[in-house]
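Everything numeric in this text was worked out from a predicted model, so none of it was measured. Read the numbers this way: they start at 1 and go in the same order the structure lists the ligands and their atoms.
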Amino acid sequence: MSLIEKLENKERLTYEDGVALYDLDLFTLAHYANKIREEKHGKKTYFNINRHINPTNICKDVCQFCAYSASRKNPHQYTMTHEEILETVGTSLKNDIKEVHIVSAHNPNTGLDWYMNVFKKIKDNFPSIHVKALTAAEIHFLATEYNLSYEDIINKMIEHGIDSMPGGGAEIFDEKVRKKICGGKVTSEQWLEIHKLWHKAGRQSNATMLFGHVESRENRIDHMIRLRNLQDETGGFNAFIPLVFQTENNYLKVQAPVTGQEVLKTYAIARIMLDNINNIKAYWATSTVKLALIAQEFGANDVDGTIEKESIQSAAGATSARGVALKEFVDLIKNTGYTPVERDSVYNELKVW
Ligand code: V47
């Protein structure tokens with residue numbers, strides 16, 4: 001059966017099929033990805049009102065792509081106190097946020113309680129807020145640093161009020177590329193194992209893929225298939241988030257930034273390959289708002305949220321440092337002919353704007 005016949009028949013695609021998708025033209029990919037998007041979500045585009053907080057940038061690991069962690073390229077170290085974090089959440093509540101997304105570097109100086117207790121404090125002070133926190137990379141770091149099992153850390157996360165896990169730290173699963181870009185931190189197998197344990201505990205998470213650096217198209221398809229396999233087993237992933245590599249202030253030498261065409265192809269291919277993950281998120285902080293809006297026609301049905309403050313991608317050159325105003329966000333989605341639907345962190349619909 002030809003690839004186009006498989007697409008017409010909505011067959012599950014193999015690794016080889018996935019690689020071959022990249023040879024199709026953009027319009028053909030858009031056609032099939034959009035068909036799936038429309039069947040699943042119609043014209044709805046999801047977003048949430050959220051606040052990103054990155055409490056420390058001191059990191060034991062050295063990822064070549066990272067401009068956020070304190071290093072020779074970014075000598076400004078910081079670690080927030082719990083009081084500062086709580087004050088930030090309190091201030092953001094005035095903007096009607098429903099979620100805090102808390103991701104830190106791997107700081108060996110704070111102690112485990114600094115990482116964990118703040119979640120409980122947030123829940124005690126602001127019980128309505130959904131806490132999305134700790135990537136699998138942080139969980140691996142904490143387990144290793146404090147001689148605990150992944151299960152121990154996951155139990156603590158649940159005890160301390162974490163509701164869901166963000167998708168960070170996945171980068172690229174291919175072991176050779178991973179060694180080059182972030183050798184030493186959580187391995188691909190460990191990343192998948194941690195999400196599996198989290199799902200088995202009845203919780204949900206997201207999955208990312210960092211692309212547009214030294215990886216190949218084949219590596220991206222391999223990454224998607226490893227996620228698809230785990231999703232078959234657990235069903236715990238809400239969204240897949242392809243993160244476009246930002247090129248500034250880091251140690252990865254990339255010949256040329258990835259093109260808009262390649263980004264759109266990757267969103268569309270993700271929509272086609274990941275038949276068991278409901279949502280494809282075009283995270284505007286890495287794609288730019290304009291491309292995220294176009295991505296709505298290439299399979300993406302989510303554009304993340306207002307975020308208010310963004311430190312990881314903006315350190316590497318993205319223009320996301322100050323988030324985006326709610327009204328502007330909603331108007332932009334409307335102007336493209338889509339329906340902005342505010343969602344909660346696990347994709348329950350809250351309001352059609
Ligand atoms: O894992 C680091 C990435 C991620 C760069 O789950 C970079 O809803 C681009 O995971 N260029 C953290 N990306 C952010 C993340 C995330 C973001 C939004 C929503 C969700 C979610 C998760 O940031 C890291 C890493 O892959 N990153 N440096 C860079 N130079």
Asks: Just to verify, what does Asp275 make a salt bridge (Lys or Arg N to Asp or Glu O under 4.0 Å) with, not counting sequence neighbours?
Replies: Arg12
Asks: At less than 3.5 Å, what protein N or O atoms come close to the N or O atoms of ligand 1? Include the distances to 0.1 Å.
Replies:
unit_1   : atom_1 : unit_2 : atom_2 : d
ligand 1 : 1 (O)  : Gly169 : N      : 2.7
ligand 1 : 1 (O)  : Glu171 : OE2    : 3.2
ligand 1 : 6 (O)  : Gly167 : N      : 2.8
ligand 1 : 6 (O)  : Asn206 : ND2    : 3.2
ligand 1 : 8 (O)  : Lys132 : NZ     : 2.7
ligand 1 : 8 (O)  : Asn206 : ND2    : 2.9
ligand 1 : 8 (O)  : Lys281 : NZ     : 2.8
ligand 1 : 10 (O) : Gly168 : N      : 3.3
ligand 1 : 11 (N) : Gln246 : N      : 2.8
ligand 1 : 13 (N) : Gln313 : NE2    : 3.1
ligand 1 : 23 (O) : Gln313 : NE2    : 2.9
ligand 1 : 26 (O) : Glu171 : OE1    : 2.4
ligand 1 : 30 (N) : Phe65  : O      : 3.0
ligand 1 : 30 (N) : Gln246 : O      : 3.0

Asks: When you look at Arg226 and Glu175, which way does the salt bridge (charged side-chain N to carboxylate O under 4.0 Å, His left out) test go after all the steps?
Replies: CA-CA 12 Å; Arg226 293 197 209 191; Glu175 279 72 15; 3.0 Å; yes
Asks: Knowing that exactly one of His106, Glu171, His140 qualifies, which makes a side-chain hydrogen bond (donor to acceptor under 3.5 Å, both in side chains) with Lys185?
Replies: Glu171
Asks: For Arg322, check side chain to side chain donor-acceptor pair (under 3.5 Å) against everything at least two apart and list the hits.
Replies: none
Asks: In the hydrophobic clustering (ILVMFWY, side-chain contacts below 4.5 Å, transitive), which residues join Val352, or is it alone?
Replies: Tyr46, Val341, Tyr347
Asks: Give the ring-plane orientation class for Trp191 versus Phe173, where under 30° counts as parallel, over 60° as perpendicular and anything between as tilted.
Replies: tilted
